[in-house]
Amino acid sequence: MTLNDYLYHYLQIPYILLMLFSSVAVIGICLAILNYVIKKRALQYTPETRPLFIRKEGDGLIERFYELIFSATSILLFVGIYFLIDFFGIGTYNSDFWARYNSLILLGFILTSVTLISVVDNFIIPLNNMRPNERASMRLIGMLYMLIVFAYIKFIYDDSNYDSIILYFLTLVIGRFVYFDASVQSFHNAVLDASRHLSLLLLALFCTGVMAFVGFTSGYLLRSNGVVLNLFLAHLYLMLVIFVIHHTQMFLRKKRERRTPGRRA
């Protein structure tokens with residue numbers, strides 16, 4: 001298949017609507033679960049302080065879920081691109097170039113991935129209710145997410161195409177946290193904090209699993225392109241839905257805040 005063939009396939013309206021509907025459904029289910037959890041936690045507070053807790057802690061919990069989706073999407077992107085470079089022949093027809101520079105190329109993808117996450121959660125879909133340590137925790141969980149995805153691809157899907165980059169990926173991602181964290185204690189605290197949010201990992205895997213099932217069974221996601229790249233395409237729909245929901249909520253909240261002084265007057 002040529003590039004035009006792929007574009008024609010991926011831009012067919014029935015497929016796009018199916019993936020959009022599926023992403024709306026899974027994100028809606030996850031947000032409903034998170035809102036239920038935060039309302040249950042709010043019962044320990046007084047009726048006067050409960051609304052503030054629900055708003056602040058609820059926003060923070062949902063944004064941590066979003067951050068995990070962002071992290072997973074970004075990692076899937078650079079691993080998928082790396083696979084495509086080799087898939088379309090650079091590693092085969094330019095073996096000397098590939099042998100010499102493939103590590104630098106992968107490192108560049110990883111740095112781009114980290115930068116991309118920061119751009120998304122600061123500018124495109126601003127997440128303003130998370131603490132810095134919570135971002136680090138979500139990215140640790142994002143690493144665990146990729147380990148589970150790789151384990152599925154390797155042992156259940158029985159695909160060995162990614163064996164050459166798994167160890168390199170693990171080394172660089174773990175090294176990022178070890179290098180940038182100020183101390184062993186801060187890294188230990190990040191791991192402990194991440195362990196408190198493993199339920200978000202289950203939700204992220206749920207989203208990925210449903211989108212992969214819908215995409216592959218419908219024929220929209222093509223196995224010939226590699227599993228990881230297809231998962232990235234599925235995650236793009238999740239990102240689009242999150243973008244719309246997040247900015248819609250921000251708009252409605254600002255609208256309510258503008259109306260509140262008038263009612264009091």
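All heavy atoms count here, side chains included; hydrogens, waters and symmetry mates do not.
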>> Looking at every non-hydrogen atom in both residues, tell me the closest pair between Ile148 and Leu201 and how far apart they are.
In response: CD1-CD2, 4.0 Å
> Going by atom types only, do Thr46 and Thr49 share a side-chain donor-acceptor pair under 3.5 Å?
Replying inline: yes
> When rounded to the nearest 0.5 angstrom, what distance separates OG in Ser22 from OH in Tyr220?
Replying inline: 11.5 Å
>> So which atom in Tyr45 and which in Arg50 form the shortest heavy-atom distance, rounded to 0.1 Å?
In response: O-NH2, 2.8 Å
>> Between Phe65 and Cys207, is there a side-chain heavy-atom distance shorter than 4.5 Å?
In response: yes
> Which heavy-atom pair separates Pro47 from Pro51 by the least distance, and what is that distance?
Replying inline: O-CD, 3.2 Å
> Are Tyr10 and Tyr15 close enough, and set up right, to give a ring-ring contact (aromatic ring centres under 6.0 Å, His included), and what steps lead you there?
Replying inline: CA-CA 7 Å; Tyr10 286 124; Tyr15 283 136; 8.8 Å; no
> Closest approach of Asn128 and Glu63, non-hydrogen atoms and distance?
Replying inline: N-OE1, 3.2 Å
> In terms of hydrophobic clusters joined by side-chain contacts under 4.5 Å, are Tyr66 and Val24 together?
Replying inline: yes
> In Å and rounded to the nearest 0.5 Å, what is the CG to OH distance from Leu20 to Tyr237?
Replying inline: 6.0 Å
> Cationic tip of Arg223 within the cone over Phe216's six-membered ring, i.e. under 6.0 Å and within 45° of the normal?
Replying inline: yes
> Which distance, rounded to the nearest 0.5 Å, do you find between the CD1 of Ile242 and the NE2 of His235?
Replying inline: 9.5 Å
>> Pair Leu61, Leu200 - check side chain to side chain contact (heavy atoms under 4.5 Å, CB included), show working.
In response: CA-CA 9 Å; Leu61 183 61; Leu200 297 179; 4.2 Å; yes
>> Please determine whether side chain to side chain contact (heavy atoms under 4.5 Å, CB included) holds for the pair Val37 and Lys40, giving the CA-CA distance in whole Å, both sets of side-chain angles, and the decisive distance to 0.1 Å.
In response: CA-CA 5 Å; Val37 168; Lys40 292 288 288 185; 5.8 Å; no
> Rounded to the nearest 0.5 Å, how far does CG of Asn122 lie from CG of Leu127?
Replying inline: 8.0 Å
> For Val26 and Leu203, what are the C-alpha separation, side-chain angles and deciding distance, and is it a side chain to side chain contact (heavy atoms under 4.5 Å, CB included)?
Replying inline: CA-CA 9 Å; Val26 295; Leu203 291 181; over 6 Å; no
> Any side-chain heavy atom of Arg64 sitting closer than 4.5 Å to one from Ile141?
Replying inline: no
> What residues form a salt bridge (charged side-chain N to carboxylate O under 4.0 Å, His left out) with Asp59, not counting sequence neighbours?
Replying inline: Arg253
> Stepwise, does the side chain to side chain contact (heavy atoms under 4.5 Å, CB included) test hold for Val120 with Phe123?
Replying inline: CA-CA 6 Å; Val120 171; Phe123 301 103; over 6 Å; no
>> Working to the nearest 0.5 angstrom, can you tell me the gap between Leu144 CG and Leu198 CG?
In response: 7.0 Å
> Residues in side chain to side chain contact (heavy atoms under 4.5 Å, CB included) with Phe243, at least two apart?
Replying inline: Ile124, Ile125, His247
>> Would a single hydrophobic cluster contain both Ile27 and Phe21, if residues Ile, Leu, Val, Met, Phe, Trp and Tyr are joined by side-chain heavy-atom contacts under 4.5 Å?
In response: no
>> Taking the side chain as everything from C-beta on, heavy atoms only, tell me whether Met138 gets closer than 4.5 Å to His197.
In response: yes
>> Listing request: all salt bridge (charged side-chain N to carboxylate O under 4.0 Å, His left out) pairs with a residue in residues 121-130, at least two apart in sequence or in separate chains.
In response: Asp121-Arg135, Asp121-Arg139
> Just by distance, do the side chain of Gln249 and the backbone of His246 share a donor-acceptor pair under 3.5 Å?
Replying inline: no
> Do Ile38 and Met130 belong to the same hydrophobic cluster, where Ile, Leu, Val, Met, Phe, Trp and Tyr are linked whenever their side-chain heavy atoms lie under 4.5 Å apart, directly or via other members?
Replying inline: no
> Is there side-chain contact between Asn35 and Ile62, with heavy atoms separated by less than 4.5 Å?
Replying inline: yes
> From Ser23 OG over to Leu238 CG, what is the distance, rounded to the nearest 0.5 angstrom?
Replying inline: 6.0 Å
> Just wondering, do Met19 and Leu236 contact through their side chains at under 4.5 Å, heavy atoms?
Replying inline: no
>> Quick check: do Ile245 and Val241 have side-chain heavy atoms less than 4.5 Å from each other?
In response: yes
>> Taking the side chain as everything from C-beta on, heavy atoms only, tell me whether Tyr6 gets closer than 4.5 Å to Leu222.
In response: yes
> Taking a hydrophobic cluster as the set of Ile, Leu, Val, Met, Phe, Trp and Tyr residues connected by side-chain heavy atoms closer than 4.5 Å, whether directly or through intermediates, do Ile29 and Val210 fall within one such cluster?
Replying inline: yes
> Of all heavy-atom pairs between Ser71 and Ile117, which one has the smallest distance, and what is that distance?
Replying inline: CA-CD1, 3.7 Å
> For Phe206, does the CZ atom sit with more than 12 other heavy atoms under 6.0 Å from it, leaving out its own atoms?
Replying inline: yes
> With side chains defined as the heavy atoms from C-beta onward, is the minimum distance between Leu76 and Tyr145 less than 4.5 Å?
Replying inline: yes
